[in-house]
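Reviewing the structure listed below.
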Amino acid sequence: MKESTSIMKLLSNHFKGEFIERKYDEQEKVKLIHNHFTIIFDYYVNYSPHNSEDYFTRVMVPFKSEQSLLFTLKNKDLFARIQQLFDKNTIEIDYYNFNKKYFLSSNNGFKAKTIFTNKEIIEVLNSLNKFTLTISNDKGVWGEKLPKGYYELSFFTNTLIKDLNQFDSLRNLFIMLITELQLAHQITPSS
């Protein structure tokens, strides 16, 4: 994934963020700070036992919370439609065709609805390709569980994003999400 180095370096210059070199099994990263929150952009490689690799673009924000709001938002596809049938935490939002495009599950429907009825957030989501956006207590989307009270707001897509405009959209999305979550007293910086 040699090209990711040049993209992440370009992105760090574009955002005036911190470029972090590759270490062991981790890819290069770019870190930005917004309101004391660290926004991390990286690529992730998932190696399968069949000698194939899947590449993902990820954006993550670690944070602390006493509220433990959890959610998963993803594009509606066949698997999401089936999951929706069996998930007791499915949230319906009649706003900007949200229910037609997305599957949303949360442990707190009211708080999740508050976030996903923000027109600007919906517009950015609509500009993105197939993705998953989540708040969970897992490190780095597929990592180990975080200590109690620690969470990550995470975005991932099974695409290597290379377009700076798309990265700008993701940065703006995360700034809006951080702002919404702060206004609802849901998150505080983890460091």
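Not less than 6.0 angstrom separates the ring centroid of Y150 from the ring centroid of F63. Two rings, from F41 and F15, have their centers less than 6.0 Å apart.
Using bins of under 30°, 30° to 60° and over 60° for the plane-to-plane angle, the ring pair F56/Y44 lands in the tilted bin.
The neighbour count for E120 CD, taken as heavy atoms of other residues, nucleotides or ligands under 6.0 Å away, does not exceed 12.
Shortest non-hydrogen contact noted between E180 and T114 is OE1-O, 4.0 Å. For the pair I115 and I121, the tightest heavy-atom approach, listed with the atom from each and the gap, is O-CD1, 3.7 Å. Closest heavy-atom contact between P62 and I40: CD-CD1, 4.3 Å. Contact detail for N129 and N75: the closest heavy-atom pair is O-OD1, 3.9 Å. Summarising the geometry of I175 relative to I39, their closest heavy-atom pair is CG1-CD1, 4.3 Å, with the distance given to 0.1 Å.
In this structure, L173 and L125 have side chains that are in contact, with non-hydrogen atoms separated by less than 4.5 Å.
In terms of modelled atom types and a separation under 3.5 Å, the side chain of T57 and the main chain of I161 share a donor-acceptor contact. Between the T134 side chain and the S154 main chain, no donor and acceptor come within less than 3.5 Å of each other.
N126 and Y102 share a side-chain donor-acceptor pair at under 3.5 Å.
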